[in-house]
Amino acid sequence: MQVQARNALPLSFFQRPTLELCRELLGKNLCRMRGGELLRLPITEVEAYDGPEDLASHASRGRTARNSVMFEAGGLWYVYLCYGVHWMLNIVTGDKDYPSAILIRGAGEANGPGKVTKELGIKADFNKRPAIPATGLWMEDAGLHVEEHQVKTCPRVGVGYAGPIWAEKPYRFIWTPDAPKPRRGTTGMGSVTRK
DNA sequence: TAAGTGATCTCT
DNA sequence: GAGATCACTTAA
């Protein structure tokens, strides 16, 4: 039947502005074919690393052997080892020569970037490979629409070294399916949230 | 809250 | 080549 790859997202899907893509990725399925078994995990949390000026990004200090894949056109996996223990899975985004990528921080039951790769058995061998079914690791459209009010943003994790400007950017996107739909028309303007 | 862990990067 | 750093997790 070969149905499994029908809704696979094409590489062109990732060749768009990173921040815009972050919202799109929430609710999409992260797919992994391993030993004849197909795993599908809905993406729940991501983080953007966008452009050469983003001081939190590996690309902020220019091109190196490790980060070179970030400079490619979107649709490739960027996988690297963190703290000597955990593999981080990123999808390269945007146009060629513009370094950017999105870190997959949560999918399915896995609620941390190191857990995602552990659950899916992802290591360095996926680095620089395209996100297509033939690779064994790709994404597909799950056919659901994530509403804007279900997307929560906040600063990225563990990037204090980037300085206040970049560390505080709301580049972390979390899918909160249970978030209440904002009332419309009533006592207005989404309440004056003073904090 | 602290430590493990090893690739990578920035100096000598 | 040596030393510091790090897009995290787990066990207290």
Side-chain angles (χ1 to χ4, degrees), chain A residues 14-28 30 32 34 39 41-131 135 137-139 151-176:
Chain A
F14 304 100
Q15 293 157 10
R16 302 157 52 198
T18 309
L19 297 176
E20 176 185 319
L21 198 47
C22 279
R23 294 174 177 274
E24 293 281 333
L25 287 187
L26 296 175
K28 295 288 189 292
L30 181 60
R32 171 85 165 101
R34 190 156 66 138
L39 291 163
L41 304 182
I43 295 172
T44 56
E45 182 179 337
V46 299
E47 259 177 21
Y49 291 86
D50 188 29
E53 308 199 329
D54 181 355
L55 294 181
S57 171
H58 288 168
S60 66
R61 272 172 283 179
R63 194 175 189 132
T64 66
R66 177 175 64 164
N67 68 24
S68 65
V69 68
M70 294 183 76
F71 291 76
E72 296 299 320
L76 304 182
W77 296 115
Y78 172 36
V79 182
Y80 69 92
L81 187 63
C82 183
Y83 293 99
V85 181
H86 303 107
W87 295 98
M88 301 289 109
L89 175 65
N90 304 249
I91 184 73
V92 175
T93 60
D95 295 328
K96 183 166 170 55
D97 295 327
Y98 182 83
S100 56
I102 295 174
L103 171 67
I104 313 289
R105 291 192 58 89
E109 303 301 305
N111 60 348
K115 295 180 186 174
V116 171
T117 53
K118 185 180 178 188
E119 175 145 345
L120 295 179
I122 293 166
K123 296 192 183 130
D125 45 332
F126 284 95
N127 193 34
K128 301 186 180 183
R129 305 195 65 187
T135 304
L137 182 65
W138 71 101
M139 290 191 218
V151 177
K152 178 179 183 241
T153 63
C154 52
R156 293 173 288 187
V157 176
V159 295
Y161 60 86
I165 301 286
W166 290 97
E168 289 169 15
K169 295 254 185 205
Y171 281 5
R172 182 184 182 195
F173 299 78
I174 306 170
W175 182 25
T176 56

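No experiment lies behind these values; they were computed from the predicted model shown. In what follows, chains carry the letters A, B, and so on, assigned in the order in which the sequence lines appear, proteins first and then strands, with residues in each chain numbered from 1.
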Taking 4.0 Å as the cut-off, does a side-chain nitrogen or oxygen of A/Arg61 come that near to OP1 or OP2 on B/dT8? no
Which of C/dC8, B/dC9, C/dC6 is nearest the side chain of A/Tyr161? It is C/dC6
Report the distance from atom CD of A/Glu47 to atom P of C/dC8, rounded to the nearest whole Å. 7 Å
Closest to the A/Val85 side chain: C/dA7, B/dC9, B/dG4? B/dG4
Using whole Å, what does the distance between atom P of nucleotide B/dA3 and atom NE2 of A/His86 come to? 17 Å
Interatomic distance where CG belongs to A/Leu103 and C1' belongs to C/dC6 [whole Å]: 13 Å
Grab the CD1-P distance between A/Ile102 and C/dA7 for me, whole Å please. 18 Å
Side chain of A/Leu81 only, heavy atoms from C-beta on: which candidate in B/dA7, C/dC8, B/dT5 is closest? B/dA7
Which nucleotide, if any, forms a Watson-Crick or G-U wobble pair with C/dT5, using both distances under 3.5 Å? B/dA7
Derivation of the side-chain contact (heavy atoms from CB on, under 4.5 Å) call for A/Leu25 and A/Ile102: CA-CA 9 Å; A/Leu25 287 187; A/Ile102 295 174; 3.8 Å; yes
Spacing between A/Met88 atom CE and B/dT5 atom P, to the nearest angstrom: 16 Å
A/Tyr83 side chain: which of C/dC6, B/dA7, C/dA7 is closest? C/dC6
Mark yes or no for a side-chain to base donor-acceptor pair under 3.5 Å between A/Tyr80 and C/dA7, with no hydrogen or angle criteria applied. yes
Find the distance A/His58:NE2 to B/dT10:P and express it as a whole number of Å. 12 Å
As a quick check of understanding, evaluate side-chain hydrogen bond (donor to acceptor under 3.5 Å, both in side chains) for A/Asn67 and A/Tyr78, giving each step before the final call. CA-CA 8 Å; A/Asn67 68 24; A/Tyr78 172 36; over 6 Å; no
Any chance CD of A/Glu20 has more than 12 other-residue heavy atoms, nucleotides or ligands included, within less than 6.0 Å? yes
Expressed as a whole number of angstroms, how long is the span from A/Lys123:NZ to B/dG6:P? 13 Å
Quick one: do the A/Asp54 and A/Tyr171 side chains pair a donor with an acceptor below 3.5 Å? no
What is the nucleic acid contact for A/Arg66, judged by heavy atoms within less than 4.0 Å: base, sugar-phosphate only, or nothing? sugar-phosphate
Nearest-Å distance, CG (A/Leu55) to P (C/dT5)? 17 Å
Identified pairing partner of B/dT1, criterion: Watson-Crick or G-U wobble below 3.5 Å: C/dA11
Determine, for A/Tyr80 and A/Arg66, whether the Lys NZ or Arg CZ falls below 6.0 Å from the six-membered ring centre while staying within 45 degrees of the axis. yes
For A/Lys115 and C/dT10, is the shortest distance between a side-chain N/O and OP1 or OP2 below 4.0 Å? yes
